[in-house]
Student: 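Mind looking over this structure? Questions follow.
Please read these numbers as outputs of a predicted model, since none were measured by experiment.
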Amino acid sequence: MTLRERVIRAGTWTLASYAAEITTRFLSSLIMTRLLVPEAFGTVAAATALIVGLQLVSDFGVRAVIIRSPRGEDEHFLRSTWTFQAVRGGVLWIVLIAICSVLIFPSVRQFLPQESVYAGSQFSIITIVLGFGIVLNGIESASISLSVRRLNFRPIFILDLTSKLAPIPVMITWAYFNPSVWAIVGGTLLAGVLRVILSHSIIPGPRMRLSYESDHVNEIVSFGKWINVSSFATFIGTQSDFIILGILLPGPMLGLYYVARTLKDAIENLLERLNGMMALPVLGEVARKEPANVSDRYYRFRFPIEITSAASGGFLFAAADLIIHFLYDSRYHDASQMLRALSISLVLYPFLLIRGAFAAIGEAHVVAWISVLQAASLVVCMMIGYWLTGPIGAIFGGVASKAIPSIAILVLGYQKRWIIAYKELRWLPALILGLAAGKIATYLIGPYTLPDLRQLLLF
């Protein structure tokens, strides 16, 4: 198959997987928000931010190594990468236990605001149990990355869909009979166990077993040192909002932010998945075989992403009140202002996609330093925003911070002759259409709530 045919096939499977996943997640979220109080979601969000942060600060980009390495198809190399990840997962969980053990002491918790999520008596034990997912993630088969390298996403679609669908009935039943945060924790761990089992049973590739070869590990560490810097900065850039707001806000308000961000992330995660799954394989192959065509292929690859991003951002901005009030009960209505702020980040998202081209040509240090800039900008802008106008200001500050690394990476891309100025404005019509669609939807549906619409449909 040609590169174009493989990209279309891979994109189709990725879209199908995400459509099924987001539909089930959306429906389960509607049910769970009616069974649980906002504070439960705030606790899970803060715990997850800590866990993801621990994973990212020690990330050596093993998937990227497998995709770009000449030995990426070699079974001995794959087993070495799997061993590396498995050991890393076990060590990280031990570190997480140590961190959470410190938070148990009252003398430590007294330094935190009284209403902070991290000061909660159950936070540490919830985080430790939820953090066992790090171990499960580490022992997933390396053949998943091999399938991504080959742009063979059909088995990954089955893996993702099954591991996401199966835990939902368990989680909802648990929350119905025992409405507590443990329903979410239990469902998350069940999904992790299923992923491990399926990754070793349905993903094509060599059988995994412990293996160590020093030159394989040296290659991972050599390439991964810049990925590690980038991942650490990515953690700050993507998860520090939960950590900072977790310290500054009480649990219920953090839960509202979690709901708003989940709605925004439903769109951004799709774009990120398309970019993450295909940017490096596609741009990497073009860079190897047709280096003069990187700019053309980049803009072709980016076009559907930027149109979707701009239109969705415009719609969410204009229809934020409608979406929150229509889908959730009155306990969650204050999340609409947060959703409006977060929607702006969707419009800015495509500008950072050129990072994939730098990674494809082996300039991982550029990606790393842009991520560092993004992280520093986020923390500074959030703190300034909070100082000026409180929690909403912190959220707007976090969104505005994305403009700084976007400008920097565009300048670097322009110096490589990859960036064409007029093509950077192709998203404007889509943004206007999204805003208009949001206004129209608010006008037509605004007077109704979900129960009202159900009554209209039934009668």
Side-chain angles (χ1 to χ4, degrees), residues 226-227 229-241 244 264 267-268 271-272 274-276 279-280 283 294-314 316-317 340-361 363-388 393-432 434-435:
W226 290 112
I227 298 294
V229 174
S230 177
S231 295
F232 175 72
T234 297
F235 156 63
I236 303 296
T238 59
Q239 296 295 321
S240 63
D241 55 344
I244 293 172
K264 185 270 298 184
I267 299 165
E268 188 168 304
L271 305 177
E272 189 64 32
L274 286 169
N275 179 50
L280 190 56
L283 295 176
V294 169
S295 177
D296 178 63
R297 293 299 179 92
Y298 164 68
Y299 278 110
R300 282 198 213 174
F301 172 80
R302 194 183 103 168
F303 183 71
I305 294 178
E306 67 180 279
I307 295 303
T308 303
S309 181
S312 302
L316 290 183
F317 186 87
R340 185 172 292 108
L342 291 170
S343 67
I344 301 171
S345 66
L346 285 173
V347 180
L348 298 173
Y349 175 80
F351 297 124
L352 288 168
L353 295 182
I354 194 63
R355 288 185 297 184
F358 285 96
I361 63 172
E363 295 188 13
H365 63 283
V366 173
V367 181
W369 290 119
I370 289 296
S371 298
V372 169
L373 178 61
Q374 182 176 2
S377 302
L378 176 69
V379 174
V380 172
C381 290
M382 282 192 75
M383 297 308 294
I384 292 174
Y386 184 82
W387 178 68
L388 291 174
I395 296 170
F396 271 105
V399 171
S401 71
K402 289 192 174 184
I404 298 172
S406 297
I407 294 171
I409 194 67
L410 289 176
V411 170
L412 292 173
Y414 184 79
Q415 292 174 350
K416 292 277 190 182
R417 299 178 184 265
W418 292 338
I419 297 297
I420 301 172
Y422 75 88
K423 287 188 177 181
E424 292 301 317
L425 300 176
R426 296 184 302 181
W427 52 271
L428 277 174
L431 174 64
I432 294 171
L435 288 168

Student: How far apart are the closest heavy atoms of V347 and G313, and which atoms are they?
Tutor: CG2-CA, 4.3 Å
Student: Which atoms form the tightest heavy-atom contact between S345 and V399, and what is the distance?
Tutor: N-CG1, 3.6 Å
Student: Does any part of the side chain of L346, heavy atoms only, come nearer than 4.5 Å to the side chain of F317, both counted from C-beta?
Tutor: no
Student: How many angstroms lie between atom CD1 of I370 and atom CG of L412, to the nearest 0.5 angstrom?
Tutor: 5.5 Å
Student: Measuring from atom CG of L378 to atom CG of L373, what distance do you get when rounded to the nearest 0.5 angstrom?
Tutor: 11.0 Å
Student: Are Q415 and V411 side-chain neighbours, meaning at least one heavy-atom pair lies under 4.5 Å?
Tutor: yes
Student: Mind checking the OG-CG spacing from S312 to L431? Nearest 0.5 Å is all I need.
Tutor: 10.5 Å
Student: With a 4.5 Å limit on heavy-atom distance, are the side chains of F351 and W427 in contact?
Tutor: yes
Student: Nearest 0.5 Å, what's the CZ-CD distance between F303 and E306?
Tutor: 6.5 Å
Student: Give me the atom names and distance for the closest heavy-atom approach of A403 to L348.
Tutor: N-CD1, 4.3 Å
Student: Can you give me the closest heavy-atom contact between G398 and S401, atom names plus distance?
Tutor: O-OG, 2.6 Å
Student: Quick one: does any side-chain atom of T308 pair with a main-chain N or O of I305 as donor and acceptor, under 3.5 Å?
Tutor: no
